Every structure is written in C-alpha cells, then in structure tokens.
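Okay, structure first, notes after.
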Amino acid sequence: MINLKHILKLRSLPGATSCTSAFLKETLTAPACSRINASMISGFPTPVRRELCTEKKMPTVRYSDPAIREPLKAFGKYAGECLPKYIQSADVTIFDELEILIHPEGVLPVLSFLKDHHAGQFVNLSDICCVDVPSRQFRFEVVYNLLSLRYNCRARVKTYTDELTPLESCCSVFQAANWYEREVWDMFGVYFTNHPDLRRILTDYGFQGHPFRKDFPLVGYNEYRYDDEQKRVVIEPVELAQDFRKFEYSTPWEVFPNYRDADKNMRKEGAGDEK
Amino acid sequence: ASKAAGKLTTGLTGLAVNSTPHISLTALYDRTLKLLARMPADAKYRQSTEAIVKERLAAVNSEPDISRLEKRINCGQIEEVVQQAERELQLARNFLAWKPWEPLIGQAPPNQWKWPL
C-alpha cells in the first residue's frame with residue numbers, strides 16, 4: 001500500500017528527492033527496456049541491474065536515475081489505484097519518463113485527475129501528438145504530455161483510436177488543447193467530440209487528406225505551380241523528375257540483439273530496396 | 001494600500017491577494033469532505049484525498065498566522081493553496097459522476113502498446 005504522505009513528502013520539495021522506501025517491482029512495457037541497460041553494456045546478459053552495481057559509471061552512457069524514477073513510479077501506481085476504471089497501465093520508461101496508458105473513454109477523467117488533484121497538479125499541457133501505426137487495430141495512438149510546475153515533473157498519457165472512433169476533447173480541462181487537437185485532426189484525421197472549433201490548422205484551405213498518416217505519400221498527391229498562360233497558380237497531380245529512391249543502410253552484422261523480433265517483423269513487411 | 005498588515009501582492013499575474021484565506025479554505029475543504037463522503041469507503045481516491053484535506057484543514061484551523069500557515073502547508077502561497085482546494089473540489093464533483101473507482105472498462109487489444117512492433 002503506497003503511503004500517501006510519503007508521495008506528497010517526496011513531491012513537496014522542488015526537484016527530484018531521494019527515495020527511502022522500497023517500491024513495487026518494475027513493470028516496463030517496452031520489451032527490451034530492462035535488458036538494454038545490462039546486456040548492451042557488458043556484452044552479455046547479466047541479471048543485475050546496472051544502477052545497483054557499485055562499478056564505475058561510464059560517461060557516455062545515460063544511466064537511469066532512481067531519484068527521479070522512484071517518485072514517478074510511486075505516483076503512477078497511485079494514479080492506477082485512484083482510477084482503475086480507465087488506467088490500463090502506468091509505467092516509467094527506461095528514460096525515467098512516466099507513461100500512463102488509458103482506455104479512450106477515460107481521457108477527461110484521467111486528465112482532470114492529473115490536473116486538479118493535490119498530488120498531481122499537472123497544470124501545463126505541453127503537447128498533444130499522435131502516432132500512426134497502421135498495422136494495429138487502433139492505428140492512432142494519441143499522446144498527451146503534461147508538466148507539473150509545482151512538483152517539477154512530467155507525465156505522458158496515451159490513448160488509442162482508429163480512423164472512425166472519436167475521442168473526447170479535453171479543451172474543457174486544458175485551454176491549450178484547442179490548437180493541438182486541431183493539429184491532430186488536420187494531420188491524422190482523429191475527430192474530437194465537443195471541441196469548440198475543430199477545423200484545419202496547417203494544411204491549405206481545400207486540401208484533402210491527412211498528411212501525417214503513414215499511407216499518405218511523402219511528396220503528396222498534388223503540386224502547385226504558377227502557370228504563365230493562365231496567370232495564376234494551378235494545382236496539378238504531382239510529377240517528379242526522378243523516381244523516389246529509398247536506401248537501406250543496413251549492416252550485415254546484427255547490431256541490436258534485443259530487437260531481433262522487431263527486425264524480423266520489419267523485414268516481413270517489406271523494407272524496400274537494399275543498397 | 002495595506003490589507004490589514006497582510007501582503008500587498010501575490011507576485012503572480014491574475015491571482016489576487018486573499019485577505020481571509022482561513023474562511024475560504026475551511027469552506028472549500030468542508031464542502032470537499034462532504035462530497036468525498038458520498039464516494040465508496042474503499043475507493044483509493046476518497047481515502048487519500050480525505051487524508052490530504054483533513055491534514056490541511058487541521059493546519060488551517062490550528063495556525064492563524066498566514067505566512068506560518070503557508071510554510072507549514074509547504075505548497076506555495078496561500079492563494080495558490082486556495083486554487084488547489086478549488087480544483088480538488090471540482091474534481092471530486094466530477095468523480096462522483098464518472099465513478100473512476102469501478103473496475104477497468106476495457107483492456108487494450110493484445111499488441112496495442114507493443115513497441116518495437
């Protein structure tokens with residue numbers, strides 16, 4: 001059971017504070033997180049986590065800092081206990097960043113909790129972005145980045161949706177969400193319900209398509225040029241002087257043994273011309 | 001223009017000085033506790049928020065001096081503490097409608113969060 005006083009005490013001092021009590025076993029979502037630290041450095045897998053060793057620290061390696069990590073883990077667990085209805089998992093990444101994965105129905109409750117609760121006070125919405133992974137059932141992963149000025153820490157909230165399912169707009173919670181959600185709508189096509197003014201923000205006025213989707217080509221479909229006969233800018237299908245060339249700068253040696261699965265999957269999907 | 005020997009300004013834009021913070025805080029905390037009492041007793045949010053609010057209420061009731069109260073609560077100026085209390089009250093109201101202590105409404109599909117693919 002997490003001692004709330006301890007969380008607030010840890011979080012009441014500016015900057016990271018040192019953790020004194022033992023916390024739960026780490027559950028990292030990224031597959032190779034815990035193994036990168038040990039195996040990549042020493043060259044062979046070791047069961048001991050690097051930061052617990054008293055060996056000399058290498059200056060070129062970014063080590064995980066328990067002083068930042070532990071309070072974030074504690075808060076993530078606490079949030080998971082307060083909102084079990086929506087939070088699917090709350091973990092700290094290998095880079096000491098708190099990520100809270102939620103069900104799409106829980107956007108407003110979770111963001112309100114993080115903003116309004118005493119132990120959260122994530123008053124600043126730094127960014128809303130979207131990641132398109134077309135192979136998934138819910139291809140769009142919407143990411144909310146929050147910052148707590150009171151406790152000097154950041155949190156990330158992630159949801160998922162597909163092309164047709166709308167998300168609830170969080171403009172009622174964060175005013176800053178207005179333009180960010182407009183950008184996600186314009187670039188990806190994720191619709192936000194109850195948004196005060198959801199229209200395009202970056203693309204041209206008559207533009208069709210959502211440019212940041214993975215199936216939208218890099219050069220687009222139309223090009224604009226000034227036509228001297230018609231004395232105006234005309235829109236025509238794009239014509240490039242050279243074919244699009246994609247280079248695969250891959251080495252014959254395996255570089256990331258922990259990512260063997262990912263490598264196999266990438267090759268299966270067809271990685272393009274080998275050069 | 002002195003405010004009965006209190007502070008002149010909070011130093012924060014848009015945040016006016018509160019000359020009677022004890023009244024504001026006790027009112028907000030009492031209303032929050034009333035709302036929290038309507039939540040299930042085993043809800044983690046209720047237990048922890050009640051602990052926080054009761055602790056702050058005890059501090060407010062026992063410390064008449066504003067600057068010493070600010071130091072004791074250790075969460076910024078008293079006007080900011082009032083802001084936090086207002087936010088918590090609003091959150092408690094919303095939580096009564098949303099009921100986030102219920103079990104998970106749905107898991108993500110199997111490979112939704114897998115990265116690298």
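Note that the structure is a prediction, hence the values are computed from the model and not measured. In what follows, chains carry the letters A, B, and so on, assigned in the order in which the sequence lines appear, proteins first and then strands, with residues in each chain numbered from 1.
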Measure distances from A/Ile102 to the heavy atoms of chain B and classify the residue's part below 4.5 Å as side chain, backbone, both or neither. backbone
Which answer fits A/Val110, side chain, backbone, both or neither, if we ask what part of it has an atom under 4.5 Å from a heavy atom of chain B? neither
Tell me if a side-chain donor or acceptor on A/Gln121 pairs with a main-chain N or O of A/Tyr151 at a distance below 3.5 Å. no
Under 3.5 Å, is there a donor-acceptor pair linking the side chains of A/Asn194 and A/Ser169? no
With chain B, the option among A/Glu141, A/Lys115, A/Arg139, A/Gln137 that has the most non-hydrogen atom pairs under 4.5 Å is A/Glu141
Under 4.5 Å heavy-atom distance to chain A, tell me which part of B/Ala43 shows up: side chain, backbone, both or neither. neither
For the interface with chain A, which of B/Arg46, B/Gln84, B/Gln90 has the highest count of heavy-atom pairs at distances below 4.5 Å? B/Gln84
Ion pair check, A/Glu105 and A/Lys85, cut-off under 4.0 Å: no
Parallel, tilted or perpendicular: which one describes the rings of A/Phe138 and A/Tyr160, with boundaries at 30° and 60°? tilted
Heavy-atom cut-off 4.5 Å, strictly under: side chain, backbone, both or neither for B/Glu86 against chain A? neither
Do the ring centers of A/Phe75 and A/Phe122 come within less than 6.0 Å of each other? yes
